[in-house]
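Below, chains carry the letters A, B, ... as their sequence lines are ordered, and counting in each starts from 1.
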Protein chains: 2
Amino acid sequence: MPKSSIIDGLGLLAISTRLQRLSEQLRKDGQQIYRSYGIDFEPKWFPVVYSLHVKKTLSVVEIAAEIGYTHPSTISLLKELEREKIISSRKDSSDERKRLIQLTEKGNSLVLEMQPVWDTMTRAIAALTSTPNNLLSAITEVESKLGEKSFLQRAEEIKSGLSPFTGQ
Amino acid sequence: MPKSSIIDGLGLLAISTRLQRLSEQLRKDGQQIYRSYGIDFEPKWFPVVYSLHVKKTLSVVEIAAEIGYTHPSTISLLKELEREKIISSRKDSSDERKRLIQLTEKGNSLVLEMQPVWDTMTRAIAALTSTPNNLLSAITEVESKLGEKSFLQRAEEIKSGLSPFTGQ
DNA sequence: TGAATATATGTAGTCAACTACGTAATTTTA
DNA sequence: TAAAATTACGTAGTTGACTACATATATTCA
């Protein structure tokens with residue numbers, strides 16, 4: 001991944017670019033780690049599969065909410081997973097609009113098979129992020145601040161002379 | 001199978017997704033902040049324009065290196081900026097392979113116009129990221145660790161029984 | 001000096017998310 | 001109870017990055 005001088009120095013304004021680059025880097029390596037364990041699995045499938053592993057049966061919109069994606073994005077993930085026979089779906093008999101999704105037998109055994117991979121990844125990421133400022137905590141903290149007040153709202157307040165910290 | 005190992009892993013395993021989502025959120029709000037100042041500017045143009053503001057004249061590959069993108073991505077950004085008449089380009093007379101890029105007069109005055117926007121954004125992001133774990137520092141720290149040893153390499157070492165921290 | 005290599009730019013196609021819009025089924029309400 | 005609103009799902013097209021490949025020019029070295 002190419003390193004850049006100016007942008008690194010400019011920190012705050014290029015933070016979105018840096019977040020994206022870091023995300024992409026981790027996703028790509030994740031892909032290769034699954035491969036190195038001989039497992040045919042994409043990192044982007046993880047949130048769906050994990051949700052179904054825990055909750056057993058969910059509708060499309062419920063999965064979208066669980067994983068924090070829009071439902072069209074979720075639908076395309078589900079299509080891939082159905083093609084891979086990792087999940088299966090059927091209509092909800094009490095509400096015909098709903099499609100109920102579950103892990104297949106293959107999906108369930110895949111989850112078991114992936115335990116050591118997930119363990120390895122978790123350790124590697126833990127090592128990577130065990131720095132003075134913990135990345136995962138930092139993300140959680142910023143997400144929580146954004147939940148209170150968006151970047152846009154904060155900018156509007158600063159523009160109109162309010163403190164970005166207190167909003168007064 | 002202990003459920004806790006999966007749950008503990010969840011946060012870390014979904015880190016790439018969360019980074020991407022955060023990036024997208026900041027980028028979108030950034031777009032609206034420029035708009036609220038009545039300025040026709042895309043956040044994704046910032047690294048290119050800022051680099052040219054500082055360095056005055058750069059080739060395509062030099063810009064790509066500065067902003068940390070691949071050169072095809074850079075070319076498509078440059079096309080947009082040229083269409084917007086924010087930059088102009090000419091062949092390098094001493095090396096005909098090179099295309100030298102500069103800000104136009106419009107580009108230069110745009111940079112001046114954007115100073116207050118950049119100032120506002122910088123403050124808003126500073127407020128957002130002033131949490132116990134500083135996001136920008138965390139990113140820098142993780143990038144630096146990745147520079148030493150990639151996520152993939154760390155995973156390989158853990159797989160073969162080495163410590164993820166020391167590699168021994 | 002000319003063949004091989006390296007550098008600079010460009011094009012085509014892919015990927016993984018998105019938004020916008022549309023249809024069908026269900027629920028609410030005037 | 002029919003019209004309106006909501007919910008659930010789906011499709012089409014966009015975006016912004018990428019990789020792989022192609023071409024032109026410059027440089028190196030046997």
Using a strict cut-off of less than 4.0 Å between a Lys/Arg side-chain nitrogen and an Asp/Glu carboxylate oxygen, indicate whether E84(B) and K79(B) qualify as a salt bridge.
no
What's the closest nucleotide to the [X] side chain, out of [options]?
X: K44(A); options: dA17(D), dA16(C), dA12(C); value: dA16(C)
X: D95(A); options: dA12(C), dA26(D), dA25(C); value: dA25(C)
X: R27(A); options: dT11(D), dA16(C), dT19(D); value: dA16(C)
X: P72(A); options: dA20(C), dA26(D), dC9(D); value: dA20(C)

Taking only side-chain N and O atoms of [X], does any of them lie within less than 4.0 angstrom of OP1 or OP2 on [N]?
X: K28(A); N: dT19(D); value: yes
X: S73(A); N: dA16(C); value: no
X: Y69(B); N: dC18(D); value: no
X: S59(B); N: dT9(C); value: yes

[X] and [Y]: side chain donor to acceptor below 3.5 Å:
X: S89(B); Y: Q102(B); answer: no
X: T131(B); Y: K145(A); answer: no
X: S16(A); Y: S23(B); answer: yes
X: W45(B); Y: Y50(B); answer: no

Residue pair K44(A) / Q31(A), side-chain heavy-atom distance below 4.5 Å:
no
Those residues of residues 75-89 of chain A lying under 4.0 Å from DNA chain C by at least one heavy atom:
L77(A)
Classify R99(A) by what it touches in the nucleic acid, base, sugar-phosphate, or nothing, heavy-atom distance under 4.0 Å.
sugar-phosphate
Round to a whole Å and report the spacing from CD of Q31(B) to P of dT19(C).
11 Å
What integer distance in Å separates I101(A):CD1 from dG10(D):P?
8 Å
All heavy atoms of T120(A) vs all of I158(B), minimum pair found to be O-CD1, 3.8 Å
Go through the steps to decide whether T140(A) and R18(B) satisfy the test side chain to side chain donor-acceptor pair (under 3.5 Å), and finish with yes or no.
CA-CA 9 Å; T140(A) 304; R18(B) 291 176 71 188; 3.0 Å; yes
Mark up nucleotides 2-7 of chain D, 5' to 3', with B wherever a protein heavy atom is under 4.0 angstrom from a base atom, S wherever such an atom reaches only the sugar-phosphate, and - elsewhere.
-----B
